[in-house]
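We name chains A, B, ... by the order of the sequence lines, and we start the count at 1 in each one. Quick caveat: nothing in here was measured; it's all calculated off a predicted structure.
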Amino acid sequence: MYDPKSEERWNAYWRETNLFRFDRENTSKPVFTIDSPPPNTTGGMHMGQTFWVSYIDSIARYKRLKGFNVLYPQGWDTQGFPVELEVEKRYGKNMPREEFYKRCVDYAKETIILMKSQMLRMGASFDESLEYVTMSDDYRRKVQLSLLEMYDKGYVYRASHPVEWCPSCKSSIAREEINETEKDTYFNYIRFGLKGRKGAKEHYIEIATTRPELLHACVALAVNPDDPRYSKEIGKTAITPVYGKEVQIISDPGIDKELGTGAEMVCTFGDKNDISMHYRHKLPLIEAIDESGTLKNAGKFSGMDILEARSAIIKEIESEGSLVKREQMKHNVKVHDRCSTPIELLSYTQWFLKTKDSSEKIKGNALSINWIPESAKQRLLDWADFIEWDWNISRNRIFGTPIPFWYCEACGEILPPKREELPVNPTVDDPKEKVCRKCGSTKIKGEKDVCDVWVDSSITPLVIAGWPDNKELMQRAFPSSVRIQGTDIVRTWAFYTAFRIGAITGEKPFENLIVHNMILNEEGKEMHKSLGTGISPESLIDRYSIDTVRLWVAGSGGIGKDKPFSYGEMEYAKSFISKLYNSAIFVKNAMGETRLPKEEPHKSFGVFDFWIMNRLNDVVADVEKAYDSFNLYEATNKLIDFFWHEFCDYYIENVKYRIRDDTKVPANSKKAAVYTLHHVLNKVLVMLSPIIPHAAEEINSMFSKESIFMNSFPEHAERESKADYIINGLVFKSAIVDFDYNDAGALLNRIIGEVRKEKSKSRAALNKEAKRININVPEAYYTVVFSSRQELQNICKASEISVTKGDELQVSVEL
RNA sequence: GGGCUCGUAGUCCAAUGGCCAAGACGUCAGCUUUACACGCUGAGGAUCGGAGUUCGAUUCUCCGCGGGCCCACCA
């Protein structure tokens, strides 16, 4: 029985022997570079991470067998909201900046230790000496350098721009950090007076709004130009209630005539639509809300928070007689995904990278990458076409890479540091340049904001290849050979990496990009820790084994689809590992004291030995092709099918009689069988070792003192003529027969299968002696079958056998 | 509303412009074959609907239906 306890032993052994270290000095082997995701250090490993860790590790191990010098580092994405939020959850928000910062660092360090041990337990063979951590000075230096490079190339600018702002986190946030939730609210119908016609009933215009508290920032009323109710009012002036301010009535085709009253108040800024109106109609800007979500420029309402102001102002509007009605409604509110606070749009001075003008370049870069699956590429292309704003990289937070710039408050000139000064921290450091180089002002300020986390992680292909210090390694290790990542971060990690690496180097970041989907629970729903619908990888390992989980990952289907988890499939994976282990025991017992012939064992080969060797040779080619296209599913299934249903079900059964009693078989027949058993088992183990390294190593240790990872991947050879046979990648010519061993083996196995079927139909045990077997074969196969009749008789346990020529294959059994 | 993507047995998951559409789990029947009952032999079971292209479509195109993801709108 395969004992999962041995798995931890092999993990320890591989680490002690440094078997998977990247060999820096070796320049003869080609480098294979793996850009694996640096996980957010927010907690223990989940199923999605288990999936990609074992997937990419299998590829790393395969490439080593193929003779590559595999550069496989593992990094940790430690900074930004995710960690800050975990720390807030644990310790609360109220503490000095320095203390909070330190707690973030400690939390990240703690989590790295946990996650690393979980990954290593899975058998991940990354080289620990190559680890990178985004909060380290060295990594930050590289991030800052990458920004300086982009600044030099004109990608960086600082500007006032409406940004999506979280009043609770007091920071601008990125679009991908926004969620939508449905909330109850009131749709308030409010009357605006029309200038010069005060008093008369028809001298009002009515709007509907969910945001009455923004009334003070109202800069226009907008109606649809095709709306007959309002067409004559366009260009006139309306008076806001409460504030009594004059605003123009403008027309815009974007206004929905059916919604509310068909008239809208435009505020700066209530929503995105207001922004486009603001630019389109060149409306004035009123800053309505401050950074912490309280009203400003709102007269007596200034200083109230949004909800407070909302009810206060409604009361005021009502008492003034301008409130027509309130309708309860549900509407979608954009909230910050980390804290669920509704976001606001604020005009704020921020740092930007020019993604919008770069979209064609980004697309070109994405197209030069080999996407697996192909269809994942479309996500990035669509996104690139959709960009509205440049990438806002500033975050008004604490735990992040400082934006490495100072600026002149007088003229806005950006003052970058010198490269050799990096890393810098403008949030606290004084500028080296005391006087603005452009206007001579001495009002030089350091940027207080830090970088968005994707700024850190979007240069991993450079960092892992030794950029910028090790130019020699860069030559060999960049672009990365492969990246693996989830489909959920194509728009972020893949997109920003393609953008930044393209901008900095002009090259693609990686040759191949594997995009995996989600692991769902058994019901096909997303796993959520909070809902208790998750399955912990640790519990699966404990219940099955590491390699069972790994085999499930590899064999669970194509990579482009969400995949429901299945205990049934886990059981199957477990069964295969048992099968493999048990068959190895058989081979071991079969060998006994037999010494393997060193040379020319095939002199004593029988037809089934030739057949299985040739089949192995075919499988080597199939499996290699599958691995080379990163298709672990195909590799796994080819290997399982061959091993289980050809090698075990037929080859082993067919040679048992030769093993059991070698006095009744030709000389050296047993030796040839034992040699073949061992050979095929060994090659299959080597081919499986990337996927189930622990089991392969454990089984291999029954036969060899050397690690299985010291092997090379088996060689495939092409047969030149049909009677050739191949052993270990070497082609041999058969001088005696002129038939194809693959066909012959298949035919003989079919005959054996027919005999089994006949016995099964008669409800007889398969090892029951048959009195007689009659085989009728077409003339073309007669020689093959006739010359193998003695073997067939032994394998099928028949007292007599007869082979006759006929039209089609017929097998009858007399019991 | 727009885009992308998918639809194969009870379930999961492959492949393919043409041989009988692969495999697994489950089901059913049989077999304790001295590696393995986590096994072996066998049985039954599927291309969402419609139209088109084609000698031929499950595969390509279009429409519809259904799922998933994304985006927009929601004053």
**Message:** Is the distance from the ring center of A:His678 to that of A:Phe703 below 6.0 Å?
**Reply:** yes
**Message:** Are A:Trp552 and A:Tyr544, when compared by the centres of their aromatic rings, separated by less than 6.0 Å?
**Reply:** no
**Prompt:** C1' atom, B:U11 versus B:G26: distance in rounded Å?
**Reply:** 7 Å
**Request:** For the pair A:Lys768 (side chain) and A:Lys759 (backbone), establish whether a donor and an acceptor sit closer than 3.5 Å, ignoring hydrogens and angles.
**Result:** no
**Prompt:** Taking only N and O in the side chain of A:Arg491, is any of them less than 4.0 Å away from OP1 or OP2 of B:C71?
**Reply:** yes
**Prompt:** For A:Asp649, which contact category applies under a 4.0 Å heavy-atom criterion: base, sugar-phosphate, or nothing?
**Reply:** sugar-phosphate
**Prompt:** Is any side-chain heavy atom of A:Tyr230 less than 4.5 Å from a side-chain heavy atom of A:Ser251?
**Reply:** no
**Prompt:** Which part of the nucleic acid, if any, lies within contact of A:Ile652, taking any heavy atom under 4.0 Å across all strands shown: a base, the sugar-phosphate backbone alone, or nothing?
**Reply:** base
**Asked** How long is the gap from CD1 on A:Ile546 to CD on A:Glu7, to the nearest 0.5 Å?
**Response** 4.5 Å
**Request:** Please evaluate the base of B:C38 for a donor-acceptor partner in the side chain of A:Ser578 within a cut-off of under 3.5 Å?
**Result:** yes
**Request:** Could you encode protein contacts along nucleotides 1-15 of chain B as a string, one character per nucleotide from 5' to 3', using B for base contact, S for sugar-phosphate-only contact and - for no contact, with a heavy-atom cut-off of under 4.0 Å?
**Result:** --SS-------SSS-
**Request:** For the side chain of A:Ala765, starting at C-beta, report the closest nucleotide among B:C38, B:C31, B:A75.
**Result:** B:C31
**Complete:** Applying the Watson-Crick and G-U criteria (both distances under 3.5 angstrom) with [ ] for crossing and | for other-strand pairs, one obtains for RNA chain B (((((((..(((.....[....))).(((((.......)))))....(((((..]....))))))))))))....
**Request:** Please state the P separation for the pair B:U61 and B:G23 - nearest whole angstrom.
**Result:** 29 Å
**Request:** Please state the P separation for the pair B:C65 and B:G50 - nearest whole angstrom.
**Result:** 15 Å
**Prompt:** Separation of A:Leu681 atom CG from B:A35 atom P, in whole Å?
**Reply:** 15 Å
**Prompt:** Between A:Glu769 and A:Lys797, is the closest basic N to carboxylate O distance under 4.0 Å?
**Reply:** no
**Request:** Classify the nucleic acid contact of A:Glu653 as base, sugar-phosphate or nothing, counting any heavy atom under 4.0 Å across all strands shown.
**Result:** base
**Complete:** Rounded to whole Å, the CZ-P distance (A:Phe269 to B:A75) equals 17 Å
**Message:** Side-chain N or O of A:Lys579 versus OP1/OP2 of B:C40: is the shortest distance under 4.0 Å?
**Reply:** yes
**Prompt:** Does NZ or CZ of A:Arg756 come closer than 6.0 Å to the centre of the six-membered ring of A:Tyr650, within 45° of the ring's axis?
**Reply:** yes
**Asked** Just checking A:Trp552: base, sugar-phosphate only, or nothing, at a heavy-atom cut-off of under 4.0 Å?
**Response** nothing
**Message:** Taking B:A43 as the reference, what is the distance to B:U5 when you measure between their P atoms (whole Å, please)?
**Reply:** 40 Å
**Request:** With heavy atoms under 4.0 Å as the rule, sort A:Ile255 into base, sugar-phosphate or nothing.
**Result:** base
**Fill in**
Here the distance between atom P of B:C70 and atom CH2 of A:Trp383, to the nearest Å, is 11 Å
**Item:** Nearest-Å distance for atom pair NZ/P, residues A:Lys797 and B:U41
**Value:** 15 Å
**Message:** Using atom P in both nucleotides, what's the gap between B:U33 and B:G39 to the nearest angstrom?
**Reply:** 16 Å
**Item:** Pairwise P distance for B:G18 and B:G56, with rounding to whole Å
**Value:** 14 Å
**Item:** Electrostatic pair A:Arg491:A:Asp382 at N-O distance under 4.0 angstrom
**Value:** no
**Prompt:** Between B:A35, B:A75, B:A29, which one does the side chain of A:Thr210 approach most closely?
**Reply:** B:A75
**Prompt:** Are the side chains of A:Thr261 and A:Tyr189 in touch, meaning some heavy atoms are under 4.5 Å apart?
**Reply:** yes
**Request:** Nearest-nucleotide wise, let me know which of A:Asn589 and A:Thr209 is further upstream toward the 5' end of RNA chain B.
**Result:** A:Asn589
**Message:** Under 4.0 Å, heavy atoms only, any strand: does A:Ile585 hit a base, just the sugar-phosphate, or nothing?
**Reply:** nothing
**Item:** side-chain N/O A:Lys759 vs B:G30 OP1/OP2, d < 4.0 Å
**Value:** no
**Message:** Does this structure show an ion pair linking A:Glu344 with A:Arg211, if we count only N-O contacts that are shorter than 4.0 Å?
**Reply:** yes
**Message:** Would you say A:Ser575 places a side-chain N or O within less than 4.0 Å of OP1 or OP2 belonging to B:G39?
**Reply:** yes
**Prompt:** Between B:U47 and B:C19, how far is it from one P atom to the other, in whole Å?
**Reply:** 16 Å
**Asked** Rounded to whole angstroms, how far apart are NZ on A:Lys325 and P on B:A75?
**Response** 16 Å
**Request:** Return the nearest nucleotide to the side chain of A:Cys648; candidates are B:A35, B:A75, B:G42.
**Result:** B:A35
**Prompt:** Expressed as a whole number of Å, how far does the C1' atom of B:G64 sit from that of B:G30?
**Reply:** 47 Å
**Complete:** A:Leu639 atom CG is separated from B:A22 atom P, nearest whole Å, by 21 Å
**Message:** Between A:Leu259 and A:Phe586, which residue's closest nucleotide on RNA chain B lies nearer the 5′ terminus?
**Reply:** A:Phe586
**Distance under 6.0 Å and angle within 45° of ring axis: A:Lys656 vs A:Tyr651** = no
**Complete:** Of the candidates B:U41, B:A35, B:C71, the side chain of A:Ser583 sits closest to B:A35
**Prompt:** Taking the six-membered ring where the residue is Trp, are the ring centres of A:Tyr572 and A:Phe576 under 6.0 Å apart?
**Reply:** no
**Shortest side-chain distance from A:Arg763, nucleotide among B:A29, B:C74, B:U41** = B:A29
**Prompt:** For A:Asp488 and B:C70, what is the distance between atoms CG and P respectively, to the nearest whole Å?
**Reply:** 9 Å
**Request:** Answer with base, sugar-phosphate or nothing: what part of the nucleic acid does A:Tyr567 contact at a heavy-atom distance below 4.0 Å?
**Result:** nothing
**Message:** Is the phosphate of B:C74 approached by A:Asn273 (side-chain N or O, under 4.0 Å from OP1 or OP2)?
**Reply:** yes
